Amino acid sequence: MDNKIPNMDYDADEVINEFKEKIKWPSNKEVTAVVKPTKLPLRILLSVLITIVVGAGAYYMMLPAFNIHDTQMYVYFVLLVAVFIASFALVCRANKKIERKEYVKKKSLIPAIIIGVIVAVMAVGYVTGVTLFRASSYSELMQVSDGDFETDFDDISYDKVPRVDALRAHTLADQQLGSLSEYKSQYVVSANSTQINYKNTPVRVAYLEYADFFKWINNTKNGLPAYMLIDLVSQKVSAVNCVEQFGEGIKYSPTELFNEKLYRHLRFQYPTALLDTPNFEIDDNMHPYWITAVLDKTIGLFGGTDVKGVIITDALNGESQYYDIEQVKTDKSLSWIDVVYSESLLIEQYNYYGKLQNGFWNSIIFQNDVNIASSGSGNIAMDDDVWVYTGVTSSESDASNFGFILCNQRTKETKYYKNAGAMEGSAQQSAQDAVQNYGYYATFPILLGIDDNPTYFMSLYGDSNTVKGYAFVSLEDKTVVGTGLLDVAKSDAKALNSALENYIDALKEKGVASDVNKDDVIVDENEIEGSDNNVTENPDNNTDKPDTNTGENANSVTGEVTDIKSSVNDGNTVYYLQVDGKYYYIKVTDAMEVLLISKGDTVTVEFEKSGDTFIPATSVTVK
């Protein structure tokens, strides 16, 4: 018997690899079996419930409008589909079992198609609204008529125009709030204010915000107690106490959280409306409201933004009412509303008008008759409405304007004026150069007519954001400048008139307007000073009463102080003491003793001249 030795000529590694190939787990690509998960209806139900919960939370935060013109709605639906796919994969344990993963992949085809359809609809909607194909439609969003400068600007007097801009108004309001101990530790003044006409006086109204989250917890039950009213002419600031005047605070505002947050409150009331940013306004009785423009997309799905209506919301109780835009324009009971069309929307529409009248390619290549709004804009009060003012220049941004426009923020009425001259930035620089040794800055200019001469008016301010003087610059010749400074003139009225007198002299020296008569232009300083009382905190208390002078002479009054108020005017704190039904006001720097006066104290107030309700005092003495 032959004993043969087995053949040992083989590779051990090869044998081991063959064994591994036989017992290894198959890869994803090698799996062909598709296993349907057990209890499938229950898993689908769980996926739907997860999607509803996540979708509700997303809706509460995103607040999309259920409107085909809102891109946020499409994003929201894509999110819902994605959440359903992910949740279905999790409840099916597709991450643990490969055969179920293949099943989920196959069943996700329909949701994927839905996402594709949504993206395709958005793409088509966007393409059908691009200016390349719809230039004519965009140019017709705004209708522009020619205005007559001499006629339209005839009633706008330099002593009635705003002397502070939004930034300076916020500074004044912030200073005033700091002097009110009951507010300053809990609230701050919102940087968002609205310029309106209140009884033919340009003012800004600014709501308060909670200083921080913990201040919100401490005060949200009663809401915001007041809002700030800034007279842009007299620069007087008042804190209007809503609790005292209307019995409750402002419960709905952008500074609130949860359901009282203004935008969320509006979305729940109007789930399909395209909402613009709400504006804070007051009616003729000082009642606070939120004015929210309802937008429409008139070109394609997402282009041609315009306003189709307005929602008026009571800031105190949250009640809202929708009005069609045509009713807002014509209904006299709604004429107190000033801001419906935002400045950005009006300028955007004018730029479409100026650039696309002769077609898209002309705006790019030939640029015949192409013009755009210049950088920067201001506001003018005219016909008891607020108008946006901005210059018009070429698309190549020339150093000068060849005209300017006025746009009504309530009706969108737009007028074009063919008055060429310096751009607003150049006028600002000319004013600053005239006072360069003081280092003052100039506000964005307001256009006026000084004896039918187009003129830029600006306030000059220092590092403290308080008004230091005024400047007039000719639109036609920016080297014609007139300035007046408070430090030199010693009063606001004198500084204003001094600037105008210097400007008229400069006009005559340049030969621009040799026939201007100062007496026809200069306003009496007493009238200018009297404008400081245009806006009062409670108009219902402005009843005339006869003088009750119990002092030693006709220019003094002695009596009990029944009310004390304060404001910041021209950077100075002014106290108002109510004695015998009238308010006597004096600067703290002129009578430090007013800081120690309390309600119920008996005082003697001396004054030079009497008035109706507000009387300037020369001294105050505590008895």
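Keep in mind that what you see is a predicted model, and the values were worked out from it rather than measured.
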Taking the side chain as every heavy atom from C-beta outward, state whether Leu208 and Ser190 have any atom pair closer than 4.5 Å. no

Indicate whether the side chain of Gln409 and that of Asn379 have a donor and an acceptor atom separated by less than 3.5 Å. yes

Exactly one of Leu406, Asn197, Asn408 clears side-chain contact (heavy atoms from CB on, under 4.5 Å) with Met382, and that residue is Leu406

Got a sec, which pairs hit ring-ring contact (aromatic ring centres under 6.0 Å, His included) with one end in residues 295-334, sequence neighbours left out? Tyr74-Phe302

Given Lys415, which of Asp152, Asp146, Asp148 fulfils the salt bridge (Lys or Arg N to Asp or Glu O under 4.0 Å) condition? Asp152

Partner of Glu424 by side-chain contact (heavy atoms from CB on, under 4.5 Å), out of Asn401, Leu475, Leu447: Asn401

Is Arg204 reaching over with its side chain to a backbone N or O of Asp231, donor-acceptor style, under 3.5 angstrom? no

What orientation do Phe84 and Phe88 show, parallel under 30°, tilted 30 to 60°, or perpendicular over 60°? parallel

Lys297/Asp306 under salt bridge (charged side-chain N to carboxylate O under 4.0 Å, His left out): CA gap, chis, key distance, verdict: CA-CA 6 Å; Lys297 303 294 184 177; Asp306 208 350; over 6 Å; no

I'd like to check Leu356 versus Ser363 (side-chain heavy atoms, cut-off strictly below 4.5 Å). Are they in contact? yes

Does any non-hydrogen side-chain atom of Tyr389 lie less than 4.5 Å from one of Ile446? no

Heavy-atom donor-acceptor pair, Gln428 side chain to Ala442 backbone, under 3.5 Å: yes

Please work out which of the three classes, parallel, tilted or perpendicular, describes the rings of Phe268 and Tyr59, given edges at 30° and 60°. parallel

Any sub-3.5 Å donor-acceptor pair from Tyr138's side-chain atoms to Gly129's backbone N or O? yes

Go through the side-chain N and O atoms of Glu281 and Thr194 and say whether any donor and acceptor fall under 3.5 Å apart. no

Given Tyr227, which partner from the list Tyr207, Phe280, Tyr187 fulfils the ring pair (Phe, Tyr, Trp, His ring centres under 6.0 Å) test? Phe280

side-chain contact (heavy atoms from CB on, under 4.5 Å), paired with Tyr210, selected from Val188, Ile217, Asn218, Thr220: Thr220

Is the ring pair Phe149/Phe404 parallel, tilted or perpendicular, if the boundaries are 30 and 60 degrees? perpendicular

Assess Arg168 against Tyr461: is NZ or CZ under 6.0 Å from the centre of the six-membered ring, and within 45 degrees of the ring's axis? yes

Derivation and outcome, salt bridge (charged side-chain N to carboxylate O under 4.0 Å, His left out), residues Arg410 and Asp338: CA-CA 5 Å; Arg410 182 174 62 88; Asp338 286 307; 5.8 Å; no

Side-chain donor/acceptor of Tyr76 to backbone N/O of Thr71, under 3.5 Å: no

Considering only NZ, NE, NH1 and NH2 on the basic side and carboxylate oxygens on the acidic side, decide whether Lys199 and Asp284 come within less than 4.0 Å. no

Hey, what's the ring geometry for Phe258 with Trp216, parallel, tilted or perpendicular (30° and 60° as the breaks)? tilted

Asp383 side chain vs Asp385 backbone, donor-acceptor pair below 3.5 Å: no

Between Arg264 and Tyr60, is NZ or CZ placed under 6.0 angstrom from the six-membered ring centre and within 45° of the ring axis? yes

